[in-house]
Engineer: 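Quick one: structure below, then a few questions.
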Amino acid sequence: MPFRPRYTGLIERYRDRLPIHDNTRIISLGEGNTPLIRLNNIPDLLGAEVEIYVKYEGLNPTGSFKDRGMTMAVTKAVEQGSRAIICASTGNTSASAAAYAARAGITAFVLIPDGKIAQGKLAQAMMHGSVVIQIKGNFDEGMKLVKEVAERAPVTIVNSINPFRLQGQKTAAFEIVEELGRAPDYHCLPVGNAGNITAHWIGYCEYSSGSGAQVTEACVFCASEGHCRFASGAIVGNRPKMVGYQAAGSAPFIQGHMVDNPETVATAIRIGHPQSWDHAWTVQKESGGWFDSCTDAEILHAQKLLAEKEGIFCEPASATSLAGALRDIKTGKIAAGSTLVCTLTGHGLKDPDTAIQQSTAPVLTIAAELSRVQKAIEDNLA
Ligand SMILES: *Cc1c(COP(=O)(O)O)cnc(C)c1O
């Protein structure tokens with residue numbers, strides 16, 4: 001059998017495209033390299049002439065795309081001598097921070113909204129030995145506190161305002177272009193803080209531009225002056241229209257202003273004050289994409305559809321990308337003949353409670369007898 005080198009994570013794989021030194025100690029759990037799955041049954045159900053791929057980021061080590069950013073953020077924090085990291089989180093950032101801190105042998109402090117994070121995520125943060133601080137407030141209030149405390153205590157913030165997070169997350173776009181042989185026509189994502197949609201755009205721009213260009217003003221993404229690797233003036237090759245979907249009760253990009261009391265079943269995007277507000281608007285304008293919102297009912301419907309018709313289980317927030325895309329395919333806003341990628345940001349096992357609550361099929365309870373099992377099969381064979 002030919003020897004194939006062991007996959008050891010996205011920093012090793014994209015070392016030449018990331019701000020990393022030759023002798024940097026890399027903190028990795030083998031993140032990235034997630035499957036790009038072509039949907040077979042849902043396009044048929046729609047009767048739509050579109051090719052839909054889902055990027056199943058739930059298969060990262062802690063079950064969400066946050067690991068792509070966290071491997072970079074924690075690697076750089078350790079390189080810079082930090083002994084502790086801190087984040088505010090709707091759940092997945094804290095799960096990821098806790099795991100990578102454990103791997104690095106440093107301390108993670110995580111601020112989460114009291115009672116508003118999914119069980120699986122809380123279990124991860126506790127299991128990995130992070131210091132879990134529940135606040136009687138929402139994500140936005142937690143984020144504000146984290147920024148304030150980091151000015152007073154020796155802790156490195158690993159929320160997506162940490163620029164290394166976006167650097168790690170941009171690699172998802174690299175993987176997609178490498179597998180499709182080109183960028184898709186549309187890339188749909190759920191949007192909370194809007195870090196991920198920004199990171200993907202950085203990745204697509206960087207991949208399609210090759211070497212970058214001279215810029216006269218400071219680049220909005222990397223703040224470099226002079227030569228910038230992401231400068232849009234330099235872009236050759238194709239890039240997708242970036243489409244961001246939010247939950248209707250938590251939709252500052254659709255309302256056009258910050259939202260103070262965001263509410264949605266999709267707790268991972270229950271964010272009213274997005275940290276990457278300006279960046280995301282730049283992404284929308286540069287890519288020619290748009291923002292829109294989905295109701296909780298549409299989100300849960302898409303989550304169920306994926307699970308039942310394609311065998312793919314994602315958490316509610318993740319299904320927002322497909323929920324919005326299905327609507328925009330129906331109305332023709334996403335043109336027939338297009339290729340699109342929907343990012344499924346997190347695994348369905350993160351939030352078993354919501355999944356069980358919305359399951360309609362009854363669980364059959366019967367006597368432990370052959371005849372009863374046989375009957376159950378006969379009754380339910382399609
Ligand atoms: C963090 C997260 C998001 C939102 O990503 P942003 O970068 O904050 O826009 C969406 N879905 C899941 C599952 C997440 O964990």
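Counting starts at 1 for both ligands and their atoms, in listed order. Note: hydrogens, waters and symmetry copies are ignored here, and every other heavy atom, side chains too, is used. Only a predicted model underlies this, so the values are computations on that prediction, with no experimental measurement involved.
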Engineer: Should the ring pair W281 and W277 be called parallel, tilted or perpendicular, given that the plane angle runs from 0 to 90° and is split at 30 and 60?
Structural biologist: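 The rings of W281 and W277 stand perpendicular, inter-plane angle above 60°.
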Engineer: Taking only residues two or more places apart in sequence or in another chain, which ones pass side-chain contact (heavy atoms from CB on, under 4.5 Å) with K375?
Structural biologist: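 So K375 forms a side-chain contact (heavy atoms from CB on, under 4.5 Å) with D379.
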Engineer: Could you list the donor-acceptor pairs under 3.5 angstrom formed by side chains in residues 43-53, with sequence neighbours left out?
Structural biologist:
unit_1	atom_1	unit_2	atom_2	d
E51	OE1	Y53	OH	2.7

Engineer: Verify whether one side chain among K116 and T90 offers a donor that lies under 3.5 Å from an acceptor in the other.
Structural biologist: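 No, no side-chain donor-acceptor pair sits under 3.5 Å.
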Engineer: Collect the protein residues that have a non-hydrogen atom under 4.0 Å from ligand 1 and hand them over in chain and number order.
Structural biologist: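 The answer is F65, K66, N92, P190, V191, G192, N193, A194, G195, N196, A268, I269, E315, A317, S318, T345, G346, counting any residue whose heavy atom sits under 4.0 Å from ligand 1.
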Engineer: Walk me through it: do K304 and T360 pass the test side chain to side chain donor-acceptor pair (under 3.5 Å)?
Structural biologist: CA-CA 10 Å; K304 194 113 196 293; T360 43; 3.2 Å; yes
Engineer: Name the atoms and distances for all side-chain donor-acceptor pairs under 3.5 Å in residues 323-336, with sequence neighbours left out.
Structural biologist:
unit_1	atom_1	unit_2	atom_2	d
R327	NE	E298	OE2	3.0
R327	NH1	D292	OD2	3.4
R327	NH2	S293	O	2.5
R327	NH2	E298	OE1	3.3
D328	OD2	Y245	OH	2.6
D328	OD2	W290	NE1	3.0
T331	OG1	R327	O	3.4
T331	OG1	D328	O	3.4
T331	OG1	K333	N	3.4

